Amino acid sequence: MAATIKDVAKLAGVSTATVSKVMNGSYSISQSTIDRVNNAMKELHYHPNLRARNFARQSTRQILFLTTLGENVGFANPHMFEIMSGLEHALGNKGYLLSVKSITPMQAPEFVKEVFDSKMVDGVVIHASVISRALDELIKYKEIPHIVLGQPDFASHFCWLDIDNKLAGEMAANYLLRCGYQSLAFIGGTDEDKISAHRLAGVLSVLKEYDVIVPRHHLQYGESDCDSGFWMTEQLLQSPNRPDAVICANNYIAYGCVNALKENMIRIPEDMGVLTFDDFPFSRILDPKLTVVDIDVYDMGMQAGKLILNKMKKPNLQMQFYCTLPSITVRGSTAGE
């Protein structure tokens, strides 16, 4: 005869209500009690009818993640998968499955409307690259539990969390000034690259505070890739007053920067320091290894998972804030403090 929830409760020494809370991922149960209940279910080979339980409580136990994927996205945007891993970890711990859908901003509103009208998922996590004003209005009107990864670039009703890239830029500039560098350059992405723009804004705010003048040719803009990093560095080296340190907006730009410096026989860090943001994919394999302002995007994903679960419990909760404090990882590409 198959075991029942009462059998599990008796073996674990708890009430049936506690067993139910453990299966539902309640935050109010201690880890020791959770372990006892899970061990009892294993010992009794108890498998709850999740489908019936979810139907009764009008829940699918699934969260949808909307983003834009494609060929080579793992190389072009490696942070995406770290975020997804953290998100899945937080949701999996509470018994939720994570579904992933690649979509465009134009397709997203109709798709979100369809999945929520048909009750296919309980909530949605949305990468900022696929949001739009139409999606904002839909989510507000239908009161859809959601969290956006990244600050929207327009006024919205979205709940969102993001990394404080301006603060990261401030940390980069402050660190290099403490190390004794006096002439800083920044090579970054185009105007559409908001992450690069925010990091540059942080750098410039610190330099202004210390009355450090930044020559116009010390600020170079291009694509966020290795070839562009190489070209922008070449432009810096042709300027009459070379900088003594370069801040690169990302690892790809930094890769091109390091190659250009080596080709021009510029020693790192003796002749010029190099600092970048994030700790992969190249910062640990280049020679010398790069000093970075590191962002814990895995933690960002975990926070997003906890927030969407909280949002489902409290639909009126409004959240718009920065998360995950950056930190400096010092390596051989800069002179020490």
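Positions are given from 1 along the sequence. Keep in mind that what you see is a predicted model, and the values were worked out from it rather than measured.
Within the structure, side-chain hydrogen bond (donor to acceptor under 3.5 Å, both in side chains) pairs that include any residue of residues 286-295 comprise Thr291-Thr334 (at least two apart or interchain).
Taken together through direct or relayed side-chain contacts under 4.5 Å among Ile, Leu, Val, Met, Phe, Trp and Tyr, Leu177 and Tyr181 form part of one hydrophobic cluster. At a threshold of 4.5 Å between side-chain heavy atoms, the hydrophobic network of Ile, Leu, Val, Met, Phe, Trp and Tyr places Leu309 and Leu317 in one connected group.
Each of Ile63, Leu98, Val100 was scored for a side chain to side chain contact (heavy atoms under 4.5 Å, CB included) with Glu88, with one residue passing: Leu98.
Taking a 6.0 Å sphere around CD of Gln62, one finds it holds more than 12 heavy atoms contributed by other residues, nucleotides or ligands.
Note on Arg199 versus Asp278: salt bridge recorded, some NZ/NE/NH1/NH2 to OD/OE distance being below 4.0 Å. Using a 4.0 Å cut-off between charged nitrogen and carboxylate oxygen, Lys166 and Glu170 count as a salt-bridge pair.
Minimum interatomic distance between Gly169 and Val203 (heavy atoms only, all atoms of both residues): O-CG2, 3.4 Å. Ser224 and Asn250 get closest at one heavy-atom pair: CB-ND2, 3.3 Å. Between Ile247 and Leu184, the shortest heavy-atom contact is CD1-CD1, 4.4 Å.
For the 3.5 Å distance criterion, the side chains of Asn39 and Glu43 fail to qualify, holding no donor opposite an acceptor. Side chains of Asp299 and Gln303: a donor-acceptor N/O pair is present below 3.5 angstrom, by distance only. For the residue pair Thr4 and Asp7, a side-chain donor N or O sits within less than 3.5 Å of a side-chain acceptor on the partner.
Under a 4.5 Å side-chain heavy-atom cut-off, the cluster of Ile, Leu, Val, Met, Phe, Trp and Tyr residues that includes Met265 has no other member.
A distance-only check finds a donor-acceptor pair linking the side chain of Asn264 to the backbone of Ala260 [under 3.5 Å].
For the pair Lys142 and Phe116, the cation does not sit on the ring face, since its NZ or CZ is not both under 6.0 Å from the ring centre and inside 45° of the axis.
Using the six-membered ring where Trp is involved, Phe158 and His146 have ring planes that are perpendicular, over 60° apart on the 30 and 60° scheme.
For the pair Arg133/Ser156, no side-chain contact is recorded, criterion being any heavy-atom separation below 4.5 Å from C-beta on.
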Full working for side-chain contact (heavy atoms from CB on, under 4.5 Å) between Leu149 and Phe65: CA-CA 10 Å; Leu149 294 173; Phe65 181 43; 3.6 Å; yes

